[in-house]
Number of protein chains: 2
Amino acid sequence: MPEFFNVLPPDEARALLFTHLSHRTAGEQVVTRAALGRVTAEPVQAPHPLPSFRRSTMDGYAVRAADTHGASESLPAFLTVVGEVPMGAAAGITLHTGEAALVHTGGMIPDSADAVVQVELTQQMGEGAPFPYEIEVFRSMAVGQNVLQVGEDVRAGAEILPAGHLLRPQDLGGLLSLGITELRVAQAPRVGILATGDEVVAPEVGPRPGEIRDINSYTVGGQTQKAGGVPIYGGIIPDDLAALQEAAEALLATTDMLVMSAGSSVSVRDVTVQVIGGLGEPGVLLHGVATRPGKPTIVGAVGGKPLIGLPGNPVSAMIQFDMFGVPAIYRLQGLSEPPLRGLVWARLAQNIASETGREDYVPARLQPTAEGMEAVPVFGKSNLIYTLVNADGLIKIPLNKGGVAAGDWVEVRLF
Amino acid sequence: MPEFFNVLPPDEARALLFTHLSHRTAGEQVVTRAALGRVTAEPVQAPHPLPSFRRSTMDGYAVRAADTHGASESLPAFLTVVGEVPMGAAAGITLHTGEAALVHTGGMIPDSADAVVQVELTQQMGEGAPFPYEIEVFRSMAVGQNVLQVGEDVRAGAEILPAGHLLRPQDLGGLLSLGITELRVAQAPRVGILATGDEVVAPEVGPRPGEIRDINSYTVGGQTQKAGGVPIYGGIIPDDLAALQEAAEALLATTDMLVMSAGSSVSVRDVTVQVIGGLGEPGVLLHGVATRPGKPTIVGAVGGKPLIGLPGNPVSAMIQFDMFGVPAIYRLQGLSEPPLRGLVWARLAQNIASETGREDYVPARLQPTAEGMEAVPVFGKSNLIYTLVNADGLIKIPLNKGGVAAGDWVEVRLF
């Protein structure tokens, strides 16, 4: 079978893959407290408003705003404090004209009050409690001032989270504030990972001359975990079409996605193309991406599930999996796009050559300087996993740039 | 006890806390494959060089470079291919002058070879195998060309990871490539979390008028998990000095760090100060940070363990825990600084007012536009957890800025 190359820029390649990814993991019910990093499987509505009663945002006195009208330092309003609203209790007090109630931050305010005057803007006339006692108020209060209204945080029935939302700490807090102690999330995608190559042995094995230990299964496995997936290690398969085809079919049948880390020689890559092509329709979508490292990546789909054939070089494999595998894992959970990723801007310490028409990724170490971060490229062949171990992130050199010069500002994507 | 305020800028406050954090979690042995996100407890050395044999980086022919000296398109060198080095096997071939061996990418090269000429720079003279057969070589090769040398990735005995290194996918790959299938990491810090406030009830409980459900325990718990810690929920303690003191002592005895999410009224904050002060030396380090939201944060230490008293407002609590709690959790694991965090640069959609001398954090939603990201501030009182739920990150307004204007570029810290 002849090797064919249909080399696309990464964004187009990813878009092509995404048009074929109809498969989604099923939903499951989980406890909200343990749902960090999971993705909502359906929209969530507020069962009641938040807050569900009017709360003071200050320590002070609940008042009828009209009673303070025109009050100032020189001409205070005089009010009678008739009682206190304890924290955690209903405000059982009714305020008549000229009356106020002592309230605490977060406490409920009486029905008949419509503002809170903070304690610093008042002065007690005598000793204070026992109630009633008199206060002077030195400021004219507006209706609603220092009061959280019912539903000001969330209205009853509002959609608080859409489907396909990645749950962060504040989302857990927001759900629990409304008493939503369980919710439906996408099951974690099971990502099948196969290594191939007659030279590849398991990490536990002492390699003989000519053999190397499997790296890619575990870098890809770590990337999978970070994206919310579960790596299912299918082991190391000999460079044999029938064996690989059988292993790939079996693993894909019980997983949501299949990744094959090919050996590095051309013949092995051809076998990967054949295997992916033989799994079903549409099969291989593209073979080759306009990036360095990682050009000979194979991207495919079958039955709406993503299939990815990675180059054997560990640096290429990791960068390519980040480009296609990670977004696909989020997609399987119902996120249309992976979560935004921050960048670090840094000044480049050395020139980097590139070719236009290709997106280059260069590992870099970041070091703080007086003028901000400096990015020091970690050069090395893409066979060298320690170029990534010794780097903090990747400098991306866009498609249309022919290199970057020392002193230029570059964006570094953190690992 | 009078309330005292010792308000420091956040960086100085954090530095002060760090000078008192001598406590570290113990080490434990874990399986490398399951060590993602853990922190190394001791330096790791390479037990052998990587690669441990000389490998070809190309599909082609292992040669003696001297045999190709002066070769060109018009004047090729003629070599005899005497055999093939199969993948995964030792190179059993000895090359004599004028001889070459067929090799594959990643394969071992014979002892007597010192370069690899890629197949594209050669031409077979006849049918190829069976060996021997003749090739023409069209390029003069340098010694070492297309060869990975022994130890080129890592030298034997080199420190591959220092102590206090947060393990990423590539680090797992790097360790396993050397057969390091287990390693010693810091135990995950146990972070004790207490909620206080007579108005606060557990999320499972239907709150009565005046009551609210506990949010802060779970936002802080989620932040703890993201930083590699284990939240130990100590429940909700009444606003009573003795009860709180007893609960805090008991929880701190079995955890590495204590967080108290105080009720929001001044009296409750005073109690938190007293409790932290009563736990031991040095106790309260500072009470108040020059930030908004979150000024009345209490930071302390006892026996080298961090103690944090958070404001009751959920937005303040989360932002303050990010500022002090998250770095402290990493510190407990032996990381001197939390991992670098990326930023998103965005154009501000609306003016934001601020005061100089205070660091402001404003929640913002990010939306893509033709000119890049736009940051839309999510305004709202710091009691409103949904300002954070509806935001993608925080805009930081530095100490010395009196606000930012619509159209300005701002940095957004993603959650």
Side-chain angles (χ1 to χ4, degrees), chain A residues 33 36 51 53 57 59 87-90 104-108 148 152-154 160 168-174 176-177 179 181 197-199 203-204 209-213 215 218-219 222-223 225 263-266 312 314 318 340-344 366 381 383-386 388-389 392 414-415, chain B residues 33 36 51 53 57 59 87-90 104-108 148 152-154 160 168-174 176-177 179 181 197-199 203-204 209-213 215 218-219 222-223 225 263-266 312 314 318 340-344 366 381 383-386 388-389 392 414-415:
Chain A
R33 286 176 205 210
L36 186 71
F53 55 90
T57 66
D59 291 312
M87 289 304 290
H104 308 282
T105 308
M108 186 166 176
L148 278 189
E152 186 170 340
D153 205 348
V154 181
I160 52 174
R168 304 160 299 170
Q170 64 263 53
D171 301 321
L172 305 190
L176 292 170
S177 71
T181 54
D198 287 339
E199 76 279 26
E204 295 73 17
E211 293 180 338
I212 56 159
R213 295 191 181 90
I215 300 179
Y218 306 103
T219 54
Q223 292 174 288
Q225 284 178 270
S264 38
S265 69
V266 169
M318 204 175 152
L340 275 173
R341 195 177 340 196
L343 298 170
V344 171
L366 287 167
K381 306 188 178 84
N383 327 54
L384 305 182
I385 181 68
Y386 278 85
L388 293 183
V389 173
D392 295 307
L414 298 173
F415 292 123
Chain B
R33 288 177 202 210
L36 186 71
F53 54 90
T57 66
D59 292 312
M87 290 303 290
H104 308 282
T105 307
M108 188 166 175
L148 277 190
E152 186 170 343
D153 205 348
V154 182
I160 53 174
R168 306 160 299 169
Q170 63 265 50
D171 301 320
L172 304 189
L176 292 169
S177 70
T181 55
D198 287 338
E199 76 277 27
E204 295 73 16
E211 293 179 341
I212 56 158
R213 295 191 181 90
I215 299 179
Y218 306 103
T219 54
Q223 291 173 289
Q225 285 178 268
S264 37
S265 68
V266 170
M318 204 176 152
L340 274 173
R341 197 176 341 194
L343 297 170
V344 172
L366 287 167
K381 305 188 177 85
N383 327 54
L384 306 181
I385 181 69
Y386 278 85
L388 293 183
V389 172
D392 295 307
L414 298 174
F415 291 123

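Lettering of chains follows the sequences in order, A, B, ..., and the numbering in each one begins at 1. Heavy atoms only: backbone and side chains are in, while hydrogens, waters and symmetry mates are out. Computed from a predicted model, the values in this text were never measured in an experiment.
Among A/Leu36, A/Leu340, A/Val154, A/Leu343, the residue with the largest count of heavy-atom pairs under 4.5 Å with chain B is A/Leu343. Chain B forms the most heavy-atom pairs under 4.5 Å with one residue out of A/Leu366, A/Leu172, A/Asp392, A/Asp171, and that residue is A/Asp171. With respect to chain A, the highest number of heavy-atom pairs below 4.5 Å among B/Arg341, B/Lys381, B/Gln223, B/Met108 belongs to B/Lys381. For the options A/Pro314, A/Gly173, A/Gly107, A/Pro51, heavy-atom pairs under 4.5 Å to chain B are most numerous at A/Gly173. When each of B/Ala89, B/Gly342, B/Gly88 is checked for heavy-atom pairs under 4.5 Å with chain A, B/Gly88 comes out on top.
Heavy-atom minimum distance, A/Asn383 versus B/Leu148: CB-CD1, 3.7 Å. When all heavy atoms of A/Leu176 and B/Arg213 are compared, the closest pair comes out as O-CD, 3.2 Å. Heavy-atom minimum distance, A/Gly222 versus B/Pro169: C-CG, 3.6 Å. Pairing each heavy atom of A/Phe53 with each of B/Glu211, the nearest pair is CE2-O, 3.1 Å.
Using a 4.5 Å cut-off between heavy atoms, A/Ser177 touches chain B through backbone and side chain atoms alike. With a threshold of 4.5 angstrom between heavy atoms, B/Arg168 approaches chain A through side-chain atoms but not through N, CA, C or O.
Taking CD1 of B/Ile215 as the reference point, atom CG of A/Asp153 lies at 7.0 Å (rounded to 0.5 Å). Between the CD atom of B/Gln225 and the CZ atom of A/Arg33 there is a distance of 12.0 Å, given to the nearest 0.5 Å.
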